[in-house]
Amino acid sequence: MKKIGPLFLLIIILSGFTLNAQVRHEFLLQKGWKFTREDHPDSKLPEFDDHQWQQVSVPHDWAIYGPFSSRNDRQHVAITQDGQTAPTEHAGRTGGLPFVGVGWYRIKFNIPDHTPDKRVSLLFDGAMSNARVYINGQEVACWPNGYNSFHFDISPFIRPGKEITLAVRLENLPESSRWYPGAGLYRNVHVIVTQEAHIPVWGTRINTPVVKKEFARIHLQSQIIKPATQKPEAYQLVTTIHDPAGMTVATRTDKLTLYDDDTFKQDFIIPSPQCWDTENPALYTATSELFENGMLKDIYTTRFGIRSLAWGNQGFLLNEKPVKFKGVCNHHDLGPLGAAVNDAAIRRQIRLLKDMGCNAIRTSHNMPAPELVNACDEMGMMLVAESFDEWQAAKCQNGYHLYFNEWVEKDLVNLIRHYRNNPSIVMWCIGNEVIEQASESGAKLTLRLQNICHREDPSRPVTQGMDNPTAVINNNFAAVMDIPGFNYRPFMYPENYRKLPQPLLLGTETASTISSRGAYKFPVVRRSMHTYDDHQSSSYDVEHCGWSNLPEDDFIRHEDYPYCIGEFVWTGFDYLGEPTPYYTNWPSHSSLFGIIDLAGIPKDRYYLYRSHWNPDQETLHVLPHWTWPGKEGDTIPVFVYTNYPSAELFINGKSQGKVTKNSSVKAGNTENKEDRQAFTRQKRYRLMWMNTIYEPGTLRVVAYNSEGQAVAEKEVRTAGKPHHIELSADRTQLHADGQDLAFILVRIVDKDGNLCPDDDRQISFTVNGKGNFKAVANGNPASLESFQTPKMKLFHGQLTAIVQSREDEGEITFEATAPGVKRSTLILKTQKK
Ligand code: GAL
């Protein structure tokens, strides 16, 4: 094995680029698009005058700019999944943003040095929705599903030396979604130019059939497209495998024969492989050079991980070790950025989730963006990649059922071919709470979709989220799944498990606890579907929906029942739409389910999950805040979320007693009304002082380890008068690429730095230097303020402002001002990669 030296690497990269430029040229269409919401049929024609259209960059979500309105997608429906029997008016169900209707995008571009023998493909990572694509006025493709990637050959429509006009018409129907879908070319558009003989888009498939400590066996299949005039024997493939450090660890050369069906099959042995897992996301690459009669025709790189998956009696095994899913479900929107994909925003989400101890994301309820999948590969986050929220039977009047029969197989195939080489994806999910659960033919449909997954990728298991346990157990719907996934009702897990043939069970969707960051409600009692005049839910983490529960009601099952392989909490982040339980209460328009709010600020619940999921890191979190003017003498319970077994609470130095987690509480004997109301299960995981009386001053918590030693301390003080703005950025060094983002937490604090927890003054921002103001969010699910105006009211003393780098490097100065408090400035630096 030989390590590539930096100079040699540089030469290879440079010459690789030259070769690549000759044989394969790929670029993104990001800048220079024109956009309109007007639907003119001639928009597809090259000569159409679009000079009055808006100039935009892609990824672009046309609806996130608002304005919010209850009329944007008013739905008069009964949400039967939520137990509603009569239709009611749902104003904010899809986020209250103007995504419904038509949008056109146009761009003109050239392919340098194009010759008729070259092949040009367009790859859309996702276009929302009902895409119709035109090249030089001719329709060349359509794809209804707004979340899926699709590609097609546009070579026949290209004239060498002539500019190409690409026009895309998108149309979002009303009542087509249960959440905010976004709108427009919200993911990237790629142009891929190859020789006539080439490896097509998603043309390789890599498996690691044998993974041992000593060696791994890699099997690579590379499909080729070749001119009809050439015989298979004219082709040779040279593949080199590089390890995560860039060292060559294997190479081989193979010739194609008549019997290979235009697909090279190559096997490699990698000694002492570095396995991909969530702690060490080791990534290898296979670089394949395709030769035709000795002439280089293509260079194609496949990134992959070496890892094994197994599932059965021992649960779910990654590299032969059982793992429990400590997962979250997430919708695709990025809060104030809408659906427009952004790498920095995605990576920030993953960083926050990993710190919480989360090891998996379920991409509910649709195909993920490649940026998410790649970031999960690199950062060590498992993914369950989902496809559909609807099959043949409707949940929404204009939902996917309109397309299911014609498109389901094409959609599944594209999802799987796109991502079958990504090690982070450990499972496919073919559906979420589909209506067919209750039908006799549902099991056959399940099997059909699961078989498509197995045909396209025999290496991963298939699951789906089922919320009708009684029906799916009686009609075999659940029995045919590789991994039965249940949404909610964890009290039925034992019965489901007893009746099903599979030896394991997954909580595909759990909790749906609801809370608003910083909003504490009294009295502190467990409540279901409770609504308040301020449109918030309690941050004491004691409220949930009619079908759902509190985090510990799931923790206890996944700990006590060995056949449970873990859970996916609904949801990691708040998302636009589904403001349950405020169905009819405009201006509520975003969810309260998130462990982290829409601004990306952790709610209290974050620390409860962290204390349980990341026990090796210290968590010592105290709630609520301790600034309650006018409530002197009132009962204000105090909760502590910690990984330590006990803690003692002091109010102004006076002990309120020591509380210890009660490990004798078990799942089996606590499923009754009294124990639910008494928070019996919660007592195993959170420390609660229910009768503490408020007096201004200091809350101090001392945590004890299992030997009874005091090991950590935390104080929360009553805040004084608002004094200044405090700023902190998630990253202060950005890439000068015009895409990178810094997320700046903005807080109002007193002179000693204590958060003023109910301050809601408006903060204004200015950004100077080598960056731009991008967006702002405060996490209030009922706020109608624009995400793009550089000012916003605080929500419980905090908000997040987002700054974007430019392409020239240097400094960015971010300044925040507000009446009555001292302003603050933060300097960020940007550098070329
Ligand atoms: C589930 C559903 C999710 C979301 C959630 C809210 O039933 O699968 O999409 O609606 O409920 O609790």
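All residue numbers in this chain count up from 1 along the given sequence. When reading the values below, keep in mind they use all heavy atoms of this one structure, side chains included, and skip hydrogens, waters and symmetry mates. Indexing begins at 1, ligand by ligand and atom by atom, following the structure's order.
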Can you tell whether the side chains of [X] and [Y] come within less than 4.0 Å, N to carboxylate O?
| X | Y | result |
| --- | --- | --- |
| Asp597 | Arg605 | no |
| Asp389 | Arg178 | yes |
| Asp457 | Arg460 | yes |

Please write down residue, atom name and distance for the protein heavy atom closest to [atom].
| atom | result |
| --- | --- |
| atom 12 (O) of ligand 1 | Ser512 OG, 2.6 Å |
| atom 11 (O) of ligand 1 | Glu509 OE2, 3.4 Å |
| atom 9 (O) of ligand 1 | His365 NE2, 2.5 Å |

statement: ring-ring contact (aromatic ring centres under 6.0 Å, His included) test vs His621 passes for just one of Phe639, Tyr607, Tyr609, Tyr606, namely Tyr607
field: Closest to atom 7 (O) of ligand 1 (judged by heavy-atom distance), picking from His331, Gln81, Glu433, Arg178
entry: Glu433
message: As a check for students: among Tyr575, Phe593, Trp179, identify the option with a heavy atom nearest to atom 6 (C) of ligand 1.
response: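 Selected option, by shortest heavy-atom distance: Phe593.
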message: For His401 and Glu390, which I'm curious about, is there any donor-acceptor pair between the side chains at under 3.5 Å?
response: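 Result is yes, a qualifying pair exists.
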message: Which residue is it: Met128, His332, Glu371? I am looking for the one with a side-chain contact (heavy atoms from CB on, under 4.5 Å) to Arg187.
response: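 Testing Arg187 for a side-chain contact (heavy atoms from CB on, under 4.5 Å) against Met128, His332, Glu371 leaves exactly one candidate, His332.
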field: For Tyr488, atoms of ligand 1 separated by under 4.0 Å from a heavy atom
entry: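 Matching atoms, with element in brackets: 1 (C), 5 (C), 7 (O), 11 (O), 12 (O).
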field: Which of the ligand 1 atoms, numbered from 1, are nearer than 4.0 Å to a heavy atom of Glu578
entry: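 Listed by number with element, the hits are 4 (C), 10 (O).
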message: With the threshold set at under 4.0 angstrom, would you say Asn432 reaches ligand 1 through any of its heavy atoms?
response: yes
